[in-house]
Amino acid sequence: MRRFFALLARPATYSRWLHLLIPSAVVSVWLFISPSSPWMPFLFAIPVGLLPAMRLAEGVQAQLLLTPEQRGRPDATISAEPATTWAARRRTVVWLEVRLVLATVASLATVWLPATTVDLVRGSFGTAPSEDWAARGVEPGWWCALLAPLPILLLLGVVVLCGDIVTAAARRLLGPSPAERMTALEERTETLLERNRIARELHDSIGHALTVAVVQAGAARTAGDPEFTARALVAIEETGRDALDDLERVLRVLRESDAPVSGRPTISEADRLLDSARGSGAKIDAEVSGPLEAIPGTVSREGYRILQESLTNVLRHAGAVPVRVRIRVTDASLELEVTNPLEGAPCGQRGGSGLRGIRERAALLGGKAETGPYEGEWMVHVSLPLDHIR
């Protein structure tokens with residue numbers, strides 16, 4: 001009983017009641033025109049339901065009246081889009097038929113059950129409420145007052161039940177089809193992947209620029225050499241300018257969903273990363289073998305970010321130390337290896353978001369990344385396949 005009264009207290013019960021009574025107006029008008037053919041509204045619903053726009057109209061009504069608890073957030077289980085397939089049109093027709101049946105039940109209950117309560121109240125005062133009572137030989141009396149609330153309770157029960165049924169039918173018949181759900185899921189997945197990619201871009205580019213700026217500023221402050229300070233400021237300026245360019249690319253992707261990613265830096269521009277690290281005081285021993293220009297765009301761009309994050313980690317955790325960089329291009333893969341002395345590189349480095357981002361980038365391209373101590377050095381080794389990208 002408590003649950004029943006809780007259902008009566010929710011706003012959705014009465015908005016669903018209104019939703020049920022709307023079609024009854026059409027049925028009532030038709031019965032006034034032609035009382036001998038009450039089945040015509042059900043027949044007329046078939047061609048109407050085949051109209052693409054009818055699915056949109058019914059979906060909007062269902063979202064607003066059947067699920068008002070969403071409070072401005074459309075119910076994802078009820079579609080508010082025009083029908084684009086014949087299967088969706090057929091489901092709309094079935095929905096209209098179900099809605100008409102439930103509307104008929106709800107409208108009859110809305111009219112006759114309160115009228116019955118009025119008859120019982122009149123009968124409690126000893127007045128014969130209607131000719132039907134007299135025809136059945138029912139004598140009015142005080143007992144009618146005891147029965148008067150029952151039709152109202154029955155009406156409320158019918159309203160709650162029909163409201164729940166019509167809401168379930170709307171989610172079943174007006175909701176997206178399995179194919180539409182799969183498409184929406186794929187779009188959602190693509191959006192999440194794009195957001196993760198943008199987050200990695202910002203982390204790698206801005207993180208690298210800030211790391212270089214901090215290292216250069218600290219070295220200039222302790223060196224006390226005007227010439228060194230001038231070089232440090234130049235390095236900070238160049239790194240900051242590159243970071244601003246990367247930031248502009250990322251923001252352009254956010255502003256324009258169809259913006260190309262070809263403007264992102266590639267591994268063929270690795271020299272500017274190496275020069276930036278050298279400008280921060282790191283002693284870079286770089287060796288490049290193979291045609292960098294022949295690497296597919298996706299692998300080349302991700303390879304640049306992996307190298308950038310690797311050098312950033314060295315500067316952040318180890319400082320100005322000797323760094324060995326090996327970039328090798330073969331017919332099957334792009335091999336990247338960055339090593340530096342283990343001194344100053346804390347073991348906690350392996351759990352950072354930068355190393356996790358390196359592993360994620362490699363995994364998305366079907367490659368693998370190994371990071372950690374190796375023979376007294378900290379090593380990052382990444383292998384990105386090329387054969388399945390071409």
inquiry  = Looking at Val94, is its backbone amide N or carbonyl O close enough to the side chain of Arg99 to form a donor-acceptor pair, meaning the two atoms are under 3.5 Å apart?
reply    = no
Give a yes or no on whether Leu154 and Val160 share a hydrophobic cluster (residues Ile, Leu, Val, Met, Phe, Trp, Tyr; joining criterion: side-chain heavy atoms under 4.5 Å apart).
yes
Is there a side-chain contact (heavy atoms from CB on, under 4.5 Å) between Thr117 and Leu155 once you walk through the steps? CA-CA 10 Å; Thr117 295; Leu155 169 62; over 6 Å; no
Check: Do Thr371 and Trp378 have side-chain N/O donor and acceptor atoms under 3.5 Å apart?
Finding: no
Quiz item: Is a donor on one side and an acceptor on the other found under 3.5 Å between the side chain of Arg16 and the backbone of Cys162?
Solution: no
key: Leu102 with Phe44, same ILVMFWY side-chain cluster at under 4.5 Å   = yes
Point to revise | Working for side-chain contact (heavy atoms from CB on, under 4.5 Å), residues Ile358 and Ser310 | key: CA-CA 8 Å; Ile358 290 175; Ser310 300; 3.7 Å; yes
| task | Using modelled atom types only, decide if a donor and an acceptor are shared between the side chain of Ser15 and the backbone of Leu65 within a distance under 3.5 Å. | result | yes
### Query
Is there a chain of hydrophobic side chains (I, L, V, M, F, W, Y, each step under 4.5 Å between heavy atoms) that links Ile22 to Tyr14?
no
In this structure, CD of Glu370 is separated from CG of Leu355 (nearest 0.5 Å) by 13.0 Å
More than 12 heavy atoms of other residues, nucleotides or ligands under 6.0 Å from OH of Tyr374: yes or no?
no
Tightest non-hydrogen contact, residues Leu21 and Ser107, listed as CD2-CA, 4.0 Å
Of all heavy-atom pairs linking Ile152 and Pro114, the shortest is CD1-CA, 4.1 Å
One should read off an interatomic distance between Leu161 CG and Leu156 CG, to the nearest 0.5 angstrom, of 12.5 Å
*Determine whether Leu386 and Val329 make a side-chain contact, defined as any pair of heavy atoms from C-beta on separated by less than 4.5 Å.*
yes
Looking at Asp275 and Arg272, does any basic side-chain N land under 4.0 Å from a carboxylate oxygen?
-> no
Notebook entry, point to check: Quick one: do the Arg89 and Thr92 side chains pair a donor with an acceptor below 3.5 Å?
Noted result: no
Counting only N and O atoms by type, is there a donor-acceptor contact under 3.5 Å from the side chain of Thr167 to the main-chain atoms of Gly163?
-> yes
Rounded to the nearest 0.5 angstrom, the CZ-CD distance for Arg301 and Glu269 is 11.0 Å
When rounded to the nearest 0.5 Å, the distance separating CG of Asp271 from CD1 of Ile284 is 11.5 Å
So Val325 and Asp285, do their side chains get closer than 4.5 Å, heavy atoms only? no
Looking at Arg328 and Glu337, does any basic side-chain N land under 4.0 Å from a carboxylate oxygen? no
Heavy-atom closest pair (Leu384 atom, Ala362 atom, distance to 0.1 Å) is CD2-CA, 3.8 Å
Practice item. For the residue pair Arg305 and Pro265, establish whether any side-chain heavy-atom pair is separated by less than 4.5 Å. Key: yes
Rounded to the nearest 0.5 angstrom, the CD-CG distance for Glu58 and Leu66 is 9.5 Å
Exercise. Spell out, as yes or no, whether a donor-acceptor pair under 3.5 Å connects the side chain of Gln63 to the backbone of Ile78.
Key: yes
Would you say the side chain of Ile46 lies within less than 4.5 Å of the side chain of Leu43, judging by non-hydrogen atoms? yes
> Does the side chain of Leu311 reach to within under 4.5 Å of the side chain of Leu307, using non-hydrogen atoms?
Replying inline: yes
request  = Begin from the C-alpha positions of Leu336 and Val380 and carry the test side-chain contact (heavy atoms from CB on, under 4.5 Å) through to its verdict.
outcome  = CA-CA 8 Å; Leu336 294 174; Val380 175; over 6 Å; no
Item to complete: Would you indicate whether the side-chain heavy atoms of Val338 and Val382 approach each other to under 4.5 Å?
Response: no
Kindly say whether Gly297 contributes a backbone atom to a donor-acceptor pair with the side chain of Ser300 at under 3.5 angstrom?
no
Is any side-chain heavy atom of Val166 closer than 4.5 Å to one of Trp95? yes
How about Arg324 and Thr339: does a side-chain donor come under 3.5 Å of a side-chain acceptor?
-> yes
Output for pair (Ile306 CD1, Leu334 CG), nearest 0.5 Å, gives 8.0 Å
Between Ala286 and Arg278 the two heavy atoms that sit nearest each other are CB-NH2, 4.2 Å
| query | Can you check salt bridge (Lys or Arg N to Asp or Glu O under 4.0 Å) on Asp164 and Arg171, steps first, answer last? | reply | CA-CA 11 Å; Asp164 289 343; Arg171 287 171 173 157; over 6 Å; no
Is it true that atom CZ of Phe42 has more than 12 heavy atoms of other residues, nucleotides or ligands lying nearer than 6.0 Å? yes
| Are Ser79 and Glu81 linked by a side-chain donor-acceptor pair shorter than 3.5 Å? | no
- Query: Hey, any chance Leu96 and Leu51 share a hydrophobic cluster, counting ILVMFWY side chains that come within less than 4.5 Å of each other, even indirectly?
  - Reply: yes
When every non-hydrogen atom of Ala62 is compared with those of Ala170, the smallest separation belongs to CB-CB, 4.3 Å
Closest non-hydrogen atoms of Val288 and Leu292, given as atom of the first, atom of the second and distance, are CG1-CD1, 3.8 Å
Review point. Any chance the side chains of Ser383 and Glu335 put a donor and an acceptor closer than 3.5 Å?
Key: yes
*asked:* Let's go through Val323 and Lys283 carefully: what are the C-alpha distance in whole Å and the side-chain angles of both, what is the deciding distance for side-chain contact (heavy atoms from CB on, under 4.5 Å) to 0.1 Å, and is it a yes or a no?
replied: CA-CA 6 Å; Val323 182; Lys283 302 174 180 60; over 6 Å; no
Beyond-backbone contact of Lys368 with Arg359, side-chain heavy atoms, under 4.5 angstrom: no
| Is there a path of hydrophobic side-chain contacts, each under 4.5 Å between heavy atoms of I, L, V, M, F, W or Y residues, that connects Leu273 with Val321? | yes
